[in-house]
Enquirer: 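To start, I am sharing the structure in question, which I have written as structure tokens.
Counting starts at 1 for both ligands and their atoms, in listed order. Heavy-atom basis, side chains included; hydrogens, waters and symmetry copies ignored.
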Amino acid sequence: MEKIAIFPGSFDPFTKGHEDIVLRGIKMFDRIIIAIGHNSKKSRHFDLDFMIQKIGEVFEKYPQVEVITYNELTAEIAKNYQANFLLRGLRNTTDFEYENTIAQVNKHLNNQLETVFLITNPSYASVSSTIIREVHKYGGDISKFIPYQL
Ligand code: ADP
């Protein structure tokens, strides 16, 4: 059976930390679906279409990686794509507390879905979309933290 993983997130923006999780995931799964959760009521800092295009370019050499957007439960979207794995990254205990709860709820919603955590690469442990957004809002240079050019 094909091992399909869904990697859900806001990716506002997609960072080198996210890229690292996908590149490591490629060694474990046959297909990886990067799923950008979006909610029309919640505005993004980085344009959704721009982010889809940039992520596509980052992984253009990897046909097994695709990018989708979704506006429903992650557990449901996983079923729709026949994904049995949910890929997530862990940087610290704050991530762990949050991810632990989500993983348990997802297990209730979709018993076939196994959440797989990859511990952050130490080089990217401090890379966070929230902080990058703040730096960008105030005109700071974020090029070191993202795997594409703005
Ligand atoms: P969400 O809005 O669901 O928290 P994010 O876009 O912030 O989504 O992140 C998606 C996933 O990537 C989460 O599992 C998050 O913990 C993980 N992640 C974010 N930054 C890093 C990083 N620097 N290293 C490893 N994992 C990361």
Enquirer: Report the C-alpha distance between K16 and D20 in whole Å, list the side-chain angles of each, state the deciding distance to 0.1 Å, and finish with yes or no for salt bridge (Lys or Arg N to Asp or Glu O under 4.0 Å).
Expert: CA-CA 6 Å; K16 285 193 180 174; D20 182 68; over 6 Å; no

Enquirer: Among all residues two or more places apart in sequence or in another chain, which pass the salt bridge (Lys or Arg N to Asp or Glu O under 4.0 Å) test with E99?
Expert: R88

Enquirer: Do the ring planes of H136 and H45 sit parallel (below 30°), tilted (30 to 60°) or perpendicular (above 60°)?
Expert: perpendicular

Enquirer: Quick test of your reading of the model: are K79 and E76 salt-bridged, counting only N-O distances below 4.0 Å?
Expert: yes

Enquirer: Kindly list each side-chain donor-acceptor pair under 3.5 angstrom involving residues 143-150, sequence neighbours excluded, with atom names and distances?
Expert:
residue, atom, partner, partner atom, Å
S143, OG, D141, OD1, 2.8
S143, OG, D141, OD2, 3.3
Y148, OH, F14, O, 2.8

Enquirer: For ligand 1, list the protein residues that place a heavy atom within a distance below 4.0 Å of one of its atoms, sorted by chain and number.
Expert: F7, P8, G9, S10, F11, G17, H18, I21, R88, G89, R91, D95, E99, T120, Y124, V127

Enquirer: Is there any side-chain hydrogen bond (donor to acceptor under 3.5 Å, both in side chains) pair reaching into residues 25-39, and which pairs are they, with sequence neighbours excluded?
Expert: R31-E66

